[in-house]
Amino acid sequence: MAGMRYSLDRVGYDLLAHALHRCGREEFSGQLRVAGAPGGTLHLRAGLVVGAESPGAPGPETLLLRSGRVSGEQWAEVVRESGGERWPATGLITRGHTGAAQLRVVCVMALYDAVFAIVAGRVHGCERVEAEPFATVAVGETCVRLLQDATRRLAALATLPHPLRPDRERPTPVPGVDHGPLSPLQRALLDQADGRSTARDLAFRTGRGVYTVAVEMARMLADGLLECPEAPVPIPVRPPPDGQGVRQRRPEPAASRAAPPPVSAVPPAVPDELPRRRPGASGIAEALAPERNGASWKGFFRLRNGAPK
Amino acid sequence: MDREALALEMRGLREQVTGITDTAVAAADGLLIAADTADSIDPEGLAALAAAGLGLARRTVGATARGTLRRTVTYGSHGCAAFYAVGDTALMVVIGDEGMDVDGLHRATQPALDRIDTILSAPTEKAAEGV
């Protein structure tokens, strides 16, 4: 682990950088879809990036909801009030769920984090799509600045003693370690690290940026609070008890199938008048009849009002 | 049934699609076969819910003449749960967080479902253990 060095996907990075620089130069408005793992979509207006989404980094909505700043119900209410807007920024501010400056910071952080996640993964190709960009920041960022920041972060992560790839290692807490005082993020990561989750997974779960979580986890690996298990967490498998595997359902034998009702060629007679209900036809009166031992309405009232002592 | 192959398929799917947090495979009647789930999730209960959910969805598709059921996806503010039928006799549950690309999941799941169906249909060799 300590010997592992984090290397940039150079070919993929060049593809992305080339596509982004062209978008900037040509003042492209629309979406740049980045195929890869995790990949993502960059939203551009006049050559500036006004939003970015990636499965590799939590977006502003996830950051607000998972961090507990906004509850799921409050979010649904704001979306409803805004007429179903995808990003109801005005409603969040007017309802007092967040301040305008705080929301701006969250959105810009999420934008940088998404570009970091795309660059930190693998890029297979880029495709421009003429579609309305989904803007989360009012003033866009230049492509050059975003790429520079992403590579700077990647280099910073790689220089740590225990570098960690955001979507690869799945650490577990080291048992029986006296960890002393912990920051809230460290405590959350120790609680959530289960040997099944990557830094990216824990970033979503804790409502933090993926870069922040990856750096913190790398430090915790170096401090001996976390470790990367040799083998993955086992998956319990319990085959069906008969040992024959899950068998295919056989079609029912023809004889056991219910025969379809015969279709009559003669149409049913149309009644002249609506059927009339006969008293006692349902049989409910018999079903509720008093028992022969004498229980009656008197008994009912006795039950309701309490038996005299 | 090759337990190791089934575990590899489940783990492979979680590692292939960014955002998958948990997977489970159960018989169509809701009897759990394998679970790659977090401690916070009761896999037996999840398998039963998936069987009921798929049954309901299949009847809804039939009642509304929407053709063959493909999947059921339930969305929450923290992610989604997808239920897939595995052949006629089993089902698979995939749970993901907000970042999971659901369309990408459906594309990745189709070949995995076919392989899991083949694994489940084969006779069992040994007793159950974690793999």
Side-chain angles (χ1 to χ4, degrees), chain A residues 35-41 53-59 61-66 70-76 79 114 117 121 166-168 170 192 194-198 200-205 207 210 231-251, chain B residues 1-11 14-28 31-40 43 76-79 86-90 96-101 104-105 116-131:
Chain A
T41 303
E53 300 165 273
S54 169
E61 179 184 339
T62 305
L63 293 175
L64 291 175
L65 284 166
R66 289 280 195 162
V70 183
S71 73
E73 290 77 20
Q74 288 169 334
W75 181 271
V79 169
D167 61 347
R168 195 65 62 87
R170 299 168 191 270
Q192 304 274 351
D194 54 2
R196 303 174 64 252
S197 310
T198 60
R200 175 258 168 232
D201 297 340
L202 295 181
F204 272 81
R205 217 172 296 160
V210 70
V233 176
I235 298 175
V237 180
R238 193 174 53 195
D242 61 2
Q244 292 302 306
V246 180
R247 282 171 300 192
Q248 296 297 312
R249 197 178 292 148
R250 292 201 182 89
Chain B
M1 191 179 96
D2 186 341
R3 294 177 292 116
E4 198 169 333
L6 180 61
L8 278 175
E9 282 294 342
M10 293 169 73
R11 192 174 289 128
R14 179 154 65 81
E15 288 172 2
Q16 182 190 350
V17 180
T18 307
I20 292 184
T21 55
D22 313 87
T23 59
V25 171
L31 189 70
L32 185 69
I33 295 171
D36 178 19
T37 50
D39 291 343
S40 55
S77 58
H78 289 173
V86 180
D88 272 352
T89 52
D97 59 29
E98 305 91 319
M100 185 171 70
D101 171 11
L105 169 74
I116 289 174
D117 190 23
T118 309
I119 295 168
L120 291 178
S121 307
T124 306
E125 287 159 10
K126 289 179 283 184
E129 285 298 331
V131 179

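Naming convention: chains lettered A, B, ... in sequence-line order (proteins, then strands); numbering from 1 in each chain.
Proximity to chain B is absent for every atom of Pro58(A), based on heavy atoms less than 4.5 angstrom apart. No part of Gln16(B) comes within reach of chain A, as not one of its non-hydrogen atoms sits under 4.5 angstrom from that chain. Looking at Ser40(B), neither its backbone nor its side chain comes within 4.5 Å of chain A, counting heavy atoms on both sides. Of the two parts of Asp22(B), the backbone and the side chain both hold a non-hydrogen atom closer than 4.5 Å to a non-hydrogen atom of chain A. Residue contact with chain B, scored on non-hydrogen atoms closer than 4.5 Å, involves the side chain of Arg170(A) exclusively.
Between the CG atom in Leu6(B) and the CZ atom in Arg238(A) there is a gap of 12.5 Å [rounded to 0.5 Å]. The structure places CD of Glu61(A) at 8.0 Å from OG of Ser77(B), a figure rounded to the nearest 0.5 Å.
Glu98(B) approaches Thr62(A) most closely through the heavy-atom pair OE2-CG2, 3.3 Å. Contact record, Gly99(B) with Pro55(A): O-CB, 3.1 Å, taken as the closest heavy-atom pair. For the pair Pro239(A) and Arg3(B), the tightest heavy-atom approach, listed with the atom from each and the gap, is CG-CD, 3.9 Å.
Using a 4.5 Å heavy-atom threshold, the side chains of Met1(B) and Val237(A) count as touching.
Looking only at distances, no side-chain donor or acceptor of Arg11(B) sits under 3.5 Å from a matching main-chain atom of Pro232(A).
For the set Asp101(B), Val17(B), Leu32(B), Thr21(B), the entry with the most heavy-atom pairs within less than 4.5 Å of chain A is Leu32(B). Ranked by heavy-atom pairs under 4.5 Å with chain A, the first of Thr37(B), Asp36(B), Thr23(B), Thr18(B) is Asp36(B).
We find that Arg200(A) and Asp97(B) are joined by a salt bridge, their nearest charged nitrogen and carboxylate oxygen being less than 4.0 Å apart.
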